[in-house]
Amino acid sequence: MDDFSGDDPQVPLVRPFLEHRRAVRPAHEDDGEVALTGVRAYTMTGGRAHAAVHLEFETMLQTTAAGREALTAMKFERADILALARNEPLSVAELSARLHVPIGVVRVVAADLLAEGMLEAFQPSANVADDVLLITRLIAGVRAL
Amino acid sequence: MSVLSDTPTRPVATGPVPVKIIIAGGFGVGKTTFVGAISDIKPLTTEAAMTDLSEGVDNRGDVTTKTTTTVAMDFGRVAVDEAIVLYLFGTPGQDRFGFMWNDLIQGALGAVVLVDSRRIEDSFPALDYFESRSVPFVVAVNRFGGQLYHTIDEIRDALSIAHHVPVVTTDARGRHAVKETVLSLLDVVLNRALAKARGEAQG
(Lines give C-alpha, C1' and ligand atoms only; values in the text may rest on other atoms or scores of the structure.)
Protein backbone atom coordinates (compact mmCIF):
# COMPACT_ATOMS: atom_id res chain seq x y z
CA MET A 1 0.00 0.00 0.00
CA ASP A 2 2.61 2.49 1.05
CA ASP A 3 4.08 3.26 -2.30
CA PHE A 4 6.25 6.31 -1.80
CA SER A 5 7.19 6.42 -5.42
CA GLY A 6 7.82 10.11 -5.81
CA ASP A 7 9.46 12.93 -3.93
CA ASP A 8 8.22 15.71 -6.15
CA PRO A 9 6.19 17.96 -3.85
CA GLN A 10 4.17 19.11 -6.84
CA VAL A 11 2.79 15.61 -7.32
CA PRO A 12 1.81 14.21 -3.95
CA LEU A 13 1.20 10.51 -4.36
CA VAL A 14 0.32 9.40 -0.90
CA ARG A 15 -2.32 10.63 1.48
CA PRO A 16 -2.73 11.80 4.16
CA PHE A 17 -0.61 14.87 4.63
CA LEU A 18 -2.64 15.92 7.59
CA GLU A 19 0.36 16.65 9.73
CA HIS A 20 1.04 19.36 7.20
CA ARG A 21 -1.34 22.02 8.46
CA ARG A 22 -2.67 24.39 5.93
CA ALA A 23 -3.97 27.86 6.59
CA VAL A 24 -7.52 27.94 7.88
CA ARG A 25 -9.67 29.72 5.40
CA PRO A 26 -13.18 31.09 5.80
CA ALA A 27 -15.55 28.23 6.27
CA HIS A 28 -17.60 28.86 3.20
CA GLU A 29 -16.89 30.30 -0.10
CA ASP A 30 -19.65 32.09 -1.90
CA ASP A 31 -20.93 34.70 0.43
CA GLY A 32 -19.35 36.60 3.22
CA GLU A 33 -22.59 37.55 4.90
CA VAL A 34 -22.67 36.66 8.54
CA ALA A 35 -25.80 36.91 10.60
CA LEU A 36 -25.32 38.71 13.85
CA THR A 37 -28.31 38.62 16.13
CA GLY A 38 -26.62 40.36 19.03
CA VAL A 39 -28.08 37.78 21.37
CA ARG A 40 -25.98 35.07 22.96
CA ALA A 41 -27.07 31.62 21.88
CA TYR A 42 -27.52 30.47 25.46
CA THR A 43 -29.95 33.31 26.09
CA MET A 44 -32.20 31.99 23.35
CA THR A 45 -32.16 28.51 24.81
CA GLY A 46 -32.62 29.48 28.43
CA GLY A 47 -29.05 28.53 29.22
CA ARG A 48 -29.29 24.96 27.99
CA ALA A 49 -26.93 23.46 25.48
CA HIS A 50 -28.59 20.09 24.95
CA ALA A 51 -31.98 19.13 23.63
CA ALA A 52 -34.24 16.43 25.05
CA VAL A 53 -34.87 14.92 21.62
CA HIS A 54 -32.02 14.67 19.14
CA LEU A 55 -32.86 16.42 15.92
CA GLU A 56 -30.67 15.92 12.88
CA PHE A 57 -29.78 18.77 10.53
CA GLU A 58 -32.29 17.36 8.04
CA THR A 59 -35.07 16.48 10.51
CA MET A 60 -38.19 18.21 9.20
CA LEU A 61 -40.55 20.04 11.51
CA GLN A 62 -44.08 21.25 11.02
CA THR A 63 -46.29 23.29 13.31
CA THR A 64 -49.24 21.35 14.70
CA ALA A 65 -52.78 22.70 15.19
CA ALA A 66 -51.90 23.28 18.84
CA GLY A 67 -48.79 25.15 17.76
CA ARG A 68 -50.76 27.39 15.41
CA GLU A 69 -53.20 28.17 18.21
CA ALA A 70 -50.43 28.97 20.64
CA LEU A 71 -48.44 31.01 18.15
CA THR A 72 -49.70 34.45 19.16
CA ALA A 73 -48.74 33.85 22.78
CA MET A 74 -45.19 32.82 21.87
CA LYS A 75 -42.12 35.01 21.72
CA PHE A 76 -38.76 35.13 20.04
CA GLU A 77 -37.37 31.93 18.52
CA ARG A 78 -40.32 29.87 19.68
CA ALA A 79 -42.71 32.08 17.74
CA ASP A 80 -40.37 32.35 14.76
CA ILE A 81 -40.04 28.60 14.39
CA LEU A 82 -43.78 27.98 14.70
CA ALA A 83 -44.52 30.75 12.20
CA LEU A 84 -41.98 29.49 9.64
CA ALA A 85 -43.03 25.85 9.88
CA ARG A 86 -46.75 26.67 9.83
CA ASN A 87 -47.43 25.98 6.16
CA GLU A 88 -44.83 23.40 5.17
CA PRO A 89 -42.39 21.12 6.96
CA LEU A 90 -38.93 22.66 7.13
CA SER A 91 -35.68 21.07 8.22
CA VAL A 92 -33.70 22.13 11.27
CA ALA A 93 -31.07 23.46 8.87
CA GLU A 94 -33.60 25.54 6.95
CA LEU A 95 -35.05 27.00 10.13
CA SER A 96 -31.53 27.84 11.28
CA ALA A 97 -30.66 29.52 7.98
CA ARG A 98 -33.88 31.46 7.65
CA LEU A 99 -33.86 32.66 11.25
CA HIS A 100 -30.11 33.41 11.24
CA VAL A 101 -29.53 31.45 14.41
CA PRO A 102 -27.10 28.56 14.85
CA ILE A 103 -28.32 25.00 14.31
CA GLY A 104 -27.82 24.23 17.99
CA VAL A 105 -30.29 26.88 19.05
CA VAL A 106 -32.97 25.56 16.69
CA ARG A 107 -32.34 22.06 18.02
CA VAL A 108 -32.90 23.02 21.62
CA VAL A 109 -35.90 25.30 21.07
CA ALA A 110 -37.57 22.93 18.61
CA ALA A 111 -37.10 19.97 20.93
CA ASP A 112 -39.07 21.86 23.59
CA LEU A 113 -41.82 22.74 21.13
CA LEU A 114 -41.90 19.11 20.07
CA ALA A 115 -42.28 17.93 23.65
CA GLU A 116 -45.11 20.41 24.12
CA GLY A 117 -46.92 19.14 21.04
CA MET A 118 -46.49 22.43 19.18
CA LEU A 119 -44.37 20.83 16.47
CA GLU A 120 -44.41 17.53 14.67
CA ALA A 121 -41.09 16.01 13.62
CA PHE A 122 -40.28 13.95 10.55
CA GLN A 123 -37.05 12.21 11.40
CA PRO A 124 -34.79 10.61 8.80
CA SER A 125 -35.07 6.86 8.41
CA ALA A 126 -33.07 5.21 11.19
CA ASN A 127 -31.00 2.84 9.03
CA VAL A 128 -31.13 4.73 5.82
CA ALA A 129 -27.92 3.19 4.46
CA ASP A 130 -29.51 -0.30 4.66
CA ASP A 131 -32.91 0.74 3.36
CA VAL A 132 -32.84 -0.77 -0.13
CA LEU A 133 -36.41 0.28 -0.88
CA LEU A 134 -35.81 3.90 0.06
CA ILE A 135 -32.53 4.06 -1.87
CA THR A 136 -34.21 2.54 -4.94
CA ARG A 137 -36.99 5.13 -4.75
CA LEU A 138 -34.42 7.86 -4.34
CA ILE A 139 -32.55 6.73 -7.45
CA ALA A 140 -35.75 6.60 -9.49
CA GLY A 141 -36.71 10.05 -8.24
CA VAL A 142 -33.35 11.67 -8.95
CA ARG A 143 -33.25 10.07 -12.40
CA ALA A 144 -36.65 11.61 -13.15
CA LEU A 145 -35.70 15.12 -12.00
CA MET B 1 -47.99 22.35 29.60
CA SER B 2 -50.07 21.46 26.61
CA VAL B 3 -52.80 18.87 26.77
CA LEU B 4 -51.20 17.46 23.66
CA SER B 5 -47.92 16.70 25.37
CA ASP B 6 -48.45 13.00 24.72
CA THR B 7 -48.47 13.60 20.99
CA PRO B 8 -46.06 11.10 19.51
CA THR B 9 -42.90 12.68 18.16
CA ARG B 10 -42.01 9.66 16.06
CA PRO B 11 -42.31 10.12 12.31
CA VAL B 12 -45.68 9.28 10.88
CA ALA B 13 -45.94 7.15 7.76
CA THR B 14 -47.53 9.88 5.66
CA GLY B 15 -45.03 12.64 6.28
CA PRO B 16 -41.96 13.70 4.35
CA VAL B 17 -38.88 11.47 4.52
CA PRO B 18 -35.70 13.56 4.68
CA VAL B 19 -32.43 12.09 3.47
CA LYS B 20 -29.10 13.80 3.13
CA ILE B 21 -25.88 13.55 1.23
CA ILE B 22 -22.68 15.48 1.80
CA ILE B 23 -20.87 17.54 -0.81
CA ALA B 24 -17.28 17.91 0.35
CA GLY B 25 -14.09 19.29 -1.09
CA GLY B 26 -11.59 22.08 -0.85
CA PHE B 27 -12.14 25.80 -0.77
CA GLY B 28 -13.50 27.20 -4.04
CA VAL B 29 -13.98 23.81 -5.69
CA GLY B 30 -17.63 24.55 -6.47
CA LYS B 31 -19.58 22.87 -3.68
CA THR B 32 -22.23 25.58 -3.41
CA THR B 33 -22.53 25.76 -7.20
CA PHE B 34 -22.97 22.00 -7.29
CA VAL B 35 -25.70 22.13 -4.65
CA GLY B 36 -27.40 25.03 -6.41
CA ALA B 37 -27.46 23.23 -9.76
CA ILE B 38 -29.92 20.64 -8.48
CA SER B 39 -31.60 22.34 -5.52
CA ASP B 40 -35.24 23.45 -5.59
CA ILE B 41 -34.30 26.41 -3.43
CA LYS B 42 -31.45 28.88 -3.66
CA PRO B 43 -28.74 27.41 -1.43
CA LEU B 44 -29.07 28.55 2.16
CA THR B 45 -26.30 29.09 4.65
CA THR B 46 -26.41 27.87 8.21
CA GLU B 47 -24.00 27.91 11.07
CA ALA B 48 -23.19 25.04 13.33
CA ALA B 49 -20.83 24.74 16.21
CA MET B 50 -18.55 21.80 15.44
CA THR B 51 -16.89 20.31 18.45
CA ASP B 52 -13.39 19.03 18.01
CA LEU B 53 -12.69 16.18 20.41
CA SER B 54 -9.09 15.15 20.48
CA GLU B 55 -8.59 11.65 19.10
CA GLY B 56 -8.27 8.88 21.62
CA VAL B 57 -9.78 10.90 24.42
CA ASP B 58 -12.96 8.84 24.42
CA ASN B 59 -10.99 5.65 24.81
CA ARG B 60 -8.92 6.87 27.69
CA GLY B 61 -11.88 8.45 29.37
CA ASP B 62 -9.83 11.16 31.04
CA VAL B 63 -9.88 14.91 30.66
CA THR B 64 -11.37 15.98 27.37
CA THR B 65 -9.89 18.87 25.48
CA LYS B 66 -12.69 20.40 23.52
CA THR B 67 -12.55 23.26 21.12
CA THR B 68 -15.63 24.50 19.37
CA THR B 69 -15.50 26.09 15.98
CA THR B 70 -18.40 27.75 14.28
CA VAL B 71 -18.58 26.50 10.75
CA ALA B 72 -20.87 27.84 8.05
CA MET B 73 -22.25 25.50 5.47
CA ASP B 74 -24.38 25.89 2.41
CA PHE B 75 -27.12 23.45 1.62
CA GLY B 76 -29.96 22.84 -0.78
CA ARG B 77 -33.11 20.77 -0.95
CA VAL B 78 -34.66 18.65 -3.69
CA ALA B 79 -38.16 17.17 -3.57
CA VAL B 80 -37.36 13.78 -5.11
CA ASP B 81 -40.89 12.38 -5.05
CA GLU B 82 -44.06 12.98 -3.08
CA ALA B 83 -42.36 11.91 0.15
CA ILE B 84 -38.57 11.91 -0.15
CA VAL B 85 -36.78 15.21 0.35
CA LEU B 86 -33.07 15.11 -0.47
CA TYR B 87 -30.83 17.57 1.36
CA LEU B 88 -27.37 18.32 0.01
CA PHE B 89 -24.97 19.78 2.54
CA GLY B 90 -21.83 21.44 1.28
CA THR B 91 -19.18 21.09 3.96
CA PRO B 92 -16.15 23.23 4.46
CA GLY B 93 -13.35 20.85 3.62
CA GLN B 94 -10.32 22.82 4.67
CA ASP B 95 -7.55 21.79 6.89
CA ARG B 96 -8.47 19.75 9.90
CA PHE B 97 -12.18 20.47 10.11
CA GLY B 98 -12.60 16.93 8.81
CA PHE B 99 -13.05 15.20 12.09
CA MET B 100 -15.49 17.80 13.33
CA TRP B 101 -18.08 16.66 10.83
CA ASN B 102 -19.42 13.73 12.81
CA ASP B 103 -22.56 15.56 13.78
CA LEU B 104 -23.35 16.35 10.17
CA ILE B 105 -22.33 12.98 8.77
CA GLN B 106 -24.59 11.14 11.21
CA GLY B 107 -27.27 9.50 9.07
CA ALA B 108 -25.89 10.72 5.74
CA LEU B 109 -26.29 8.32 2.84
CA GLY B 110 -22.91 9.18 1.45
CA ALA B 111 -20.71 11.90 0.07
CA VAL B 112 -19.53 13.44 -3.16
CA VAL B 113 -15.93 14.64 -2.85
CA LEU B 114 -15.44 17.43 -5.37
CA VAL B 115 -11.93 17.79 -6.76
CA ASP B 116 -10.34 20.65 -8.66
CA SER B 117 -7.83 18.96 -10.97
CA ARG B 118 -5.41 21.89 -10.48
CA ARG B 119 -5.47 21.51 -6.68
CA ILE B 120 -6.22 17.89 -5.99
CA GLU B 121 -4.48 17.99 -2.61
CA ASP B 122 -7.33 20.15 -1.27
CA SER B 123 -9.49 17.04 -1.25
CA PHE B 124 -7.19 15.01 1.02
CA PRO B 125 -8.94 15.80 4.31
CA ALA B 126 -12.36 14.88 2.93
CA LEU B 127 -11.10 11.65 1.37
CA ASP B 128 -9.33 10.61 4.55
CA TYR B 129 -12.38 11.39 6.61
CA PHE B 130 -14.85 9.38 4.55
CA GLU B 131 -12.47 6.47 4.01
CA SER B 132 -11.68 6.18 7.70
CA ARG B 133 -15.37 6.10 8.61
CA SER B 134 -16.46 3.83 5.78
CA VAL B 135 -18.87 6.44 4.47
CA PRO B 136 -19.75 5.62 0.85
CA PHE B 137 -18.42 8.28 -1.48
CA VAL B 138 -17.58 9.08 -5.07
CA VAL B 139 -14.86 11.40 -6.29
CA ALA B 140 -16.11 13.98 -8.79
CA VAL B 141 -13.58 16.05 -10.69
CA ASN B 142 -15.12 19.42 -11.47
CA ARG B 143 -14.36 20.34 -15.06
CA PHE B 144 -15.45 23.95 -14.51
CA GLY B 145 -16.83 23.70 -18.04
CA GLY B 146 -13.34 23.33 -19.45
CA GLN B 147 -10.54 20.86 -19.74
CA LEU B 148 -9.02 18.65 -17.09
CA TYR B 149 -5.43 19.26 -16.16
CA HIS B 150 -4.90 15.54 -15.57
CA THR B 151 -6.60 12.40 -16.76
CA ILE B 152 -9.03 10.59 -14.50
CA ASP B 153 -6.52 7.75 -14.11
CA GLU B 154 -3.79 10.17 -13.08
CA ILE B 155 -6.08 11.75 -10.53
CA ARG B 156 -7.12 8.36 -9.18
CA ASP B 157 -3.47 7.39 -8.78
CA ALA B 158 -2.48 10.70 -7.25
CA LEU B 159 -5.29 10.53 -4.73
CA SER B 160 -4.76 6.82 -3.99
CA ILE B 161 -8.42 6.12 -4.59
CA ALA B 162 -9.43 2.51 -4.07
CA HIS B 163 -10.63 0.67 -7.17
CA HIS B 164 -14.18 0.26 -5.90
CA VAL B 165 -14.62 4.02 -5.50
CA PRO B 166 -15.90 5.68 -8.69
CA VAL B 167 -13.96 8.67 -9.99
CA VAL B 168 -16.16 10.67 -12.36
CA THR B 169 -16.00 14.04 -14.03
CA THR B 170 -18.71 16.57 -13.46
CA ASP B 171 -19.64 20.18 -14.13
CA ALA B 172 -20.89 21.77 -10.94
CA ARG B 173 -22.81 24.35 -12.96
CA GLY B 174 -24.75 21.81 -14.98
CA ARG B 175 -27.93 20.28 -13.65
CA HIS B 176 -27.56 17.16 -15.77
CA ALA B 177 -23.93 16.57 -14.79
CA VAL B 178 -24.74 17.10 -11.12
CA LYS B 179 -27.68 14.69 -11.37
CA GLU B 180 -25.43 12.05 -12.90
CA THR B 181 -22.84 12.56 -10.16
CA VAL B 182 -25.47 12.14 -7.46
CA LEU B 183 -26.73 9.02 -9.22
CA SER B 184 -23.22 7.57 -9.30
CA LEU B 185 -23.07 8.02 -5.53
CA LEU B 186 -26.52 6.47 -5.07
CA ASP B 187 -25.40 3.44 -7.11
CA VAL B 188 -22.54 2.91 -4.66
CA VAL B 189 -24.96 3.31 -1.75
CA LEU B 190 -27.43 0.84 -3.28
CA ASN B 191 -24.76 -1.75 -4.05
CA ARG B 192 -23.49 -1.56 -0.51
CA ALA B 193 -26.99 -1.96 0.92
CA LEU B 194 -27.68 -4.93 -1.38
CA ALA B 195 -24.37 -6.57 -0.47
CA LYS B 196 -25.13 -6.17 3.20
CA ALA B 197 -28.65 -7.56 2.77
CA ARG B 198 -27.20 -10.59 0.92
CA GLY B 199 -24.61 -11.07 3.62
CA GLU B 200 -27.25 -11.03 6.32
CA ALA B 201 -29.46 -13.43 4.36
CA GLN B 202 -26.56 -15.89 4.17
CA GLY B 203 -25.35 -15.38 7.70
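Computed from heavy atoms alone, side chains included, the values below leave out hydrogens, waters and symmetry copies. Because the structure is predicted, anything quoted here is derived from the model rather than measured. Convention: sequence-line order gives letters A, B, ...; per-chain numbering from 1.
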Query raised in the report: Non-hydrogen atoms of chain A under 4.5 Å away: do they reach the side chain of B/Val189, the backbone, both or neither?
Result: both

Requested in this report: Walk me through it: do A/Glu56 and B/Tyr87 pass the test side-chain contact (heavy atoms from CB on, under 4.5 Å)?
Outcome: CA-CA 12 Å; A/Glu56 304 293 349; B/Tyr87 283 94; over 6 Å; no

Does any backbone or side-chain atom of [X] lie under 4.5 Å from a heavy atom of chain B? Answer side chain, backbone, both or neither.
X       : value
A/Glu94 : both
A/Glu88 : side chain
A/Glu58 : both

Query raised in the report: Any idea which heavy atoms bring A/Ala97 and B/Thr45 closest together, and the distance?
Result: CB-O, 3.1 Å

Query raised in the report: How close do B/Pro16 and A/Pro89 get, heavy atom to heavy atom, and via which atoms?
Result: CG-CG, 3.9 Å

Do you know which of [options] has the most heavy-atom pairs under 4.5 Å to chain B?
options                              : answer
A/Ala140, A/Ala93, A/Ser125          : A/Ala93
A/Ala144, A/Ala126, A/Ser91          : A/Ser91
A/Asp131, A/Thr59, A/Leu95, A/Leu134 : A/Leu134

Interatomic spacing from [atom1] in [X] to [atom2] in [Y] - rounded to 0.5 Å:
X        : Y        : atom1 : atom2 : result
A/Arg137 : B/Ile84  : CZ    : CD1   : 4.0 Å
A/Ile139 : B/Leu190 : CD1   : CG    : 4.5 Å
B/Ile41  : A/Arg98  : CD1   : CZ    : 7.0 Å
B/Asp187 : A/Ile135 : CG    : CD1   : 11.0 Å
B/Leu186 : A/Leu138 : CG    : CG    : 4.5 Å
B/Met73  : A/Phe57  : CE    : CZ    : 4.0 Å

Query raised in the report: Does any N or O in the side chain of B/Lys196 come within less than 3.5 Å of the main-chain N or O of A/Asp130, such that one atom is a donor and the other an acceptor?
Result: no

**Report entry** Audit row: B/Lys179, A/Val142, side-chain contact (heavy atoms from CB on, under 4.5 Å) steps and yes/no
**Finding:** CA-CA 7 Å; B/Lys179 233 177 76 171; A/Val142 170; 4.0 Å; yes

